[in-house]
Amino acid sequence: MMRVRFAPSPTGQLHVGNARTALFNWLLAHGRDGTFILRIEDTDAERSTRESEAGILDDLRWLGLDWDEGPDVGGQHGPYRQSERLHLYASYANELLSGQHAYSCFCTSTRLDADRQADLAAGRPPRYHGHCRGLSRAEAQARIDAGERPVVRFRVPQGIEVRFRDLVRGEVIFNTDVIGDFVIVRSDSRPQYNFAVVVDDALMEVSHVIRGEDHISNTPRQILLYRALGFAPPEFAHLSLVMGPDHTPLSKRHGATSVTEFRVRGYLPEALVNYLALIGWSPRGAAPEQAEQDELLPIDELARRFRIEAVGHSAGIFDPEKLAWMNRHYMKAAAPSRLAAEALRYFTARGFITRRTDAAMDYLVSLLPMAVGSVDRLEEIADRVRFVFQFDPAASLASPEVLGVLEEPGAHDVVAALAEELASAGRLDRETFRAAAGRVRERTGQKGRALFHPIRVVLTGEAGGPELDLAVPAIERGAELPASSGVARVTGCRERARLFAAAVGVRSA
RNA sequence: GUCCCCAUCGUCCAGAGGCCCAGGACGUGGCCCUUUCAAGGCCAAAACACGGGUUCGAAUCCCGUUGGGGACGCCA
């Protein structure tokens with residue numbers, strides 16, 4: 001039975017690199033009918049918070065990475081928060097202590113620092129010098145009784161090779177000469193990372209440890225711990241890291257790095273999941289018969305094709321452009337009602353929709369065709385149709401693009417003629433708008449771009465945007481909505497033409 | 001500094017000795033479509049880091065160099 005786990009420490013938001021690690025674990029579990037465990041590594045009381053734990057759980061759920069065992073759902077191997085497992089670590093630490101696999105260390109940080117500096121200066125790998133290695137338990141106990149607070153160090157057998165077969169990298173060998181006796185219990189008696197992880201993974205019967213490459217050098221330490229504790233080590237797989245475009249670890253200055261940020265900016269979870277799965281892995285190798293459609297795949301299909309052995313060895317660079325492309329794809333594929341529900345918050349944030357009502361949602365859905373397909377993110381949908389809700393000729397006239405349109409020969413004639421034609425027109429739909437545009441063409445002699453570009457500017461206040469055939473009816477429908485609909489007031493086309501003509505100061509010919 | 005990992009188009013991948021003067025996707029450029037901006041369609045440019053081996057034959061195997069990344073904590 002395959003059992004995998006994702007073990008974040010709740011010290012901030014879920015980073016996309018870690019989300020990818022979680023995803024690979026999830027894919028492996030789901031492709032093989034395994035169990036996915038969520039464990040919270042909150043032994044660092046200083047930095048761990050319940051808020052970030054909740055945030056991480058939220059982000060994982062949003063991504064669709066559900067877990068079978070975890071702090072909120074429980075399971076047969078709980079508790080699933082390290083802070084609630086302290087008694088277990090204490091018990092195993094004592095076992096190691098009495099078996100001479102570990103010893104108390106009273107070295108001061110000053111001394112440790114000095115040793116480290118000396119090692120570095122001499123070109124040796126910095127490691128614990130072993131001052132307290134020979135201390136007897138009686139001596140140690142005496143010092144503890146005298147009030148000293150030691151750490152517990154694991155006695156690393158020197159001069160041996162620790163090797164393991166990494167599922168993605170193959171055989172990896174470390175010599176213990178480069179590993180010093182490391183701390184397993186801190187002076188305040190909280191467990192140190194490597195120790196807690198081994199106790200937990202063993203007790204939780206984790207069969208495959210899949211984690212970031214930054215943990216590869218922890219692996220020999222952990223294997224040594226497994227042996228000393230009498231546990232069988234699991235399989236290991238180390239995923240290469242995700243970097244920024246400049247080949248440095250993905251960080252804030254590269255833009256959005258946390259799942260929350262992508263969510264807030266209007267990415268769809270299936271897009272992020274699909275994109276993340278493709279960093280360091282390709283579904284293609286698994287099903288070469290399907291050359292087509294081998295990148296855009298739903299999470300279940302990804303799981304079906306996923307093979308940990310096929311994961312790449314080299315670091316991947318996070319490419320926001322490709323993510324944007326995928327998001328565009330998934331927005332086009334999404335049901336309009338869902339898209340409207342997801343995009344609603346951006347409309348309310350901008351004051352375009354003041355209250356969620358059926359009428360408002362229907363109207364939002366009707367606006368979607370003007371934006372979906374041409375924008376990358378949900379947030380941009382609202383920006384793309386902004387002209388519907390905001391119409392201010394004076395502000396538009398401050399735009400160089402708009403001014404440029406109006407400077408075209410005959411543009412003013414079109415503005416004037418349109419205002420007149422619309423003054424007598426009723427509610428415009430696609431057909432009546434076209435008819436009106438036709439009359440303006442006849443009156444001014446302008447056609448094509450010279451005709452429609454000024455019309456666009458007059459009616460939308462912008463030099464670019466969705467097709468007028470769509471935009472005009474959308475404005476008109478909005479203008480008819482009562483205030484009780486929850487949709488902000490929309491200025492109708494006739495009014496727009498009048499206001500714009502006045503602002504430009506054109507007179508009818 | 002020491003140890004570990006890595007190395008195919010700008011980016012993500014395919015390629016598990018001959019199928020490759022290297023294939024797909026994003027991005028880029030051009031063309032088409034078009035009343036605008038996008039979107040969409042078509043086409044194009046673009047890579048096996050370098051040097052040695054092994055082999056009839058290497059992007060694929062081995063060694064080295066260079067480059068990149070990671071680790072070396074009472075952080076995880």
Side-chain angles (χ1 to χ4, degrees), chain A residues 7-9 11 41-44 46-48 82 105 107 109 112-113 116 119-128 149-153 166 168-170 172-175 177-180 182-194 196-197 212-220 238 240-241 243 245 247-249 275 278-285 288 291-292 294-296 312-326 328 332 370-376 384 401 405 437 447-457 460 462-469:
Chain A
S9 48
T11 55
E41 310 217 320
D42 56 353
T43 55
D44 183 353
E46 315 279 283
R47 298 191 300 149
S48 299
Q82 291 188 327
C105 167
C107 291
S109 56
L112 263 17
D113 285 343
R116 192 172 303 124
D119 282 335
L120 251 15
R124 291 186 302 256
R127 33 168 258 192
Y128 180 59
R149 310 298 311 275
V151 298
V152 177
R153 283 186 188 275
D166 190 291
V168 340
R169 280 152 218 289
V172 179
I173 305 171
F174 281 89
N175 193 297
D177 289 345
V178 300
I179 306 172
F182 55 91
V183 173
I184 59 175
V185 180
R186 297 184 263 231
S187 57
D188 63 1
S189 72
R190 277 153 47 220
Q192 187 269 351
Y193 169 75
N194 283 299
V197 163
E213 193 188 16
D214 48 339
H215 287 296
I216 199 164
S217 55
N218 283 322
T219 307
H238 290 92
S240 38
L241 274 17
M243 312 282 219
H247 291 84
T248 63
Y275 176 65
L278 262 30
I279 303 179
W281 176 67
S282 165
R284 221 187 315 188
E292 296 296 302
D294 47 13
E295 290 210 326
L296 269 3
H313 300 179
S314 53
I317 287 166
F318 190 90
D319 181 6
E321 295 289 351
K322 187 148 184 175
L323 204 214
W325 169 75
M326 280 208 174
R328 209 154 62 218
K332 286 184 218 168
M370 290 195 288
V372 174
S374 44
V375 300
D376 293 338
R384 177 93 174 154
E401 290 76 26
V405 171
K447 58 184 176 39
R449 187 188 164 95
L451 172 68
F452 286 98
H453 219 165
I455 291 180
R456 165 179 299 285
V457 162
T460 70
E462 291 174 3
E467 294 173 48
L468 288 172
D469 280 353

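Here is the naming used below: chain letters follow the sequence lines, and residue numbers restart at 1 for every chain.
In terms of polar N and O atoms assigned as donor or acceptor, the side chain of A:Ser187 comes within less than 3.5 Å of the base of B:C74 in a complementary pairing. Residue side chain A:Arg449 does not reach the base of B:U36 through any donor-acceptor N/O pair under 3.5 Å, judged by distance alone. Judged by distance alone with a 3.5 Å cut-off, no donor-acceptor contact links the side chain of A:Gln192 to the base of B:G73. Not a single donor-acceptor pair, N or O on each side, falls under 3.5 Å between the base of B:A25 and the side chain of A:Asp294. Counting distance only, with no hydrogens placed and no angle test, the side-chain atoms of A:Arg169 and the base atoms of B:C6 include no donor-acceptor pair under 3.5 Å. Side-chain to base pairing of A:Lys332 with B:A39: no donor and acceptor N or O lie closer than 3.5 Å to each other.
Using N1 to N3 plus N6-O4 or O6-N4 for Watson-Crick, or N1-O2 and O6-N3 for G-U wobble, each under 3.5 Å, B:C61 pairs with B:G53. When both pairing distances are held under 3.5 Å, B:C3 makes a Watson-Crick or G-U pair with B:G70. Nucleotide B:A45 has no partner under the Watson-Crick or G-U criteria, as no pair reaches both atom distances under 3.5 Å. Look at B:U35: it lacks any Watson-Crick or wobble partner with both distances under 3.5 angstrom. In this structure B:C20 sits in no base pair that meets the Watson-Crick or G-U test at under 3.5 Å. In this entry B:C26 has B:G10 as its Watson-Crick or G-U wobble partner, both defining distances falling under 3.5 Å.
Contact record, A:Leu323 with A:Phe318: CD1-CZ, 4.1 Å, taken as the closest heavy-atom pair.
Atom CH2 in A:Trp281 sits about 20 Å away from atom P in B:G24, given to the nearest Å. Separating the CZ atom of A:Arg127 from the P atom of B:C72 is a distance of 16 Å, rounded to the nearest angstrom.
Close to B:G24, at under 4.0 Å from its OP1 or OP2, lies no side-chain N or O of A:Ser282. Between A:Arg153 and B:G73, a side-chain N or O to OP1/OP2 separation shorter than 4.0 Å is absent. Using a 4.0 Å cut-off, some side-chain N or O of A:Arg116 falls inside it from OP1 or OP2 of B:G73.
Using a 4.0 Å heavy-atom distance criterion, A:Ile179 is classed as making no nucleic acid contact. Contacts of A:Gly465 with the nucleic acid, taken as non-hydrogen atoms under 4.0 Å apart, include base atoms. The residue A:Leu120 sits close to a base: some heavy atom pair falls under 4.0 Å. Using a 4.0 Å heavy-atom criterion, one finds that A:Ser240 contacts no nucleic acid atom at all. Across all strands shown, A:Met326 has no heavy atoms under 4.0 Å from either base or sugar-phosphate atoms. Within the 4.0 angstrom heavy-atom criterion, no nucleotide atom of any strand lies near A:His238. Nucleic acid contact class of A:Val151 (heavy atoms, under 4.0 Å, all strands): base.
The CZ atom of A:Arg149 sits 7.5 Å away from the CG atom of A:Asp188 when rounded to the nearest 0.5 Å. Rounding to the nearest 0.5 Å places CG of A:Leu241 at 6.0 Å from CD of A:Glu213. Taking OG from A:Ser240 and CZ from A:Arg169, the interatomic distance works out to 5.5 Å, rounded to the nearest 0.5 Å.
Electrostatic pairing of A:Asp113 and A:Arg116 counts as a salt bridge here, judged by a charged N lying under 4.0 Å from a carboxylate O.
Nearest nucleotide to the A:His313 side chain, out of B:G27, B:A7, B:C3: B:A7.
In this structure, the side chain of A:His238 does not engage the main chain of A:Asp214 through any donor-acceptor pair within 3.5 Å.
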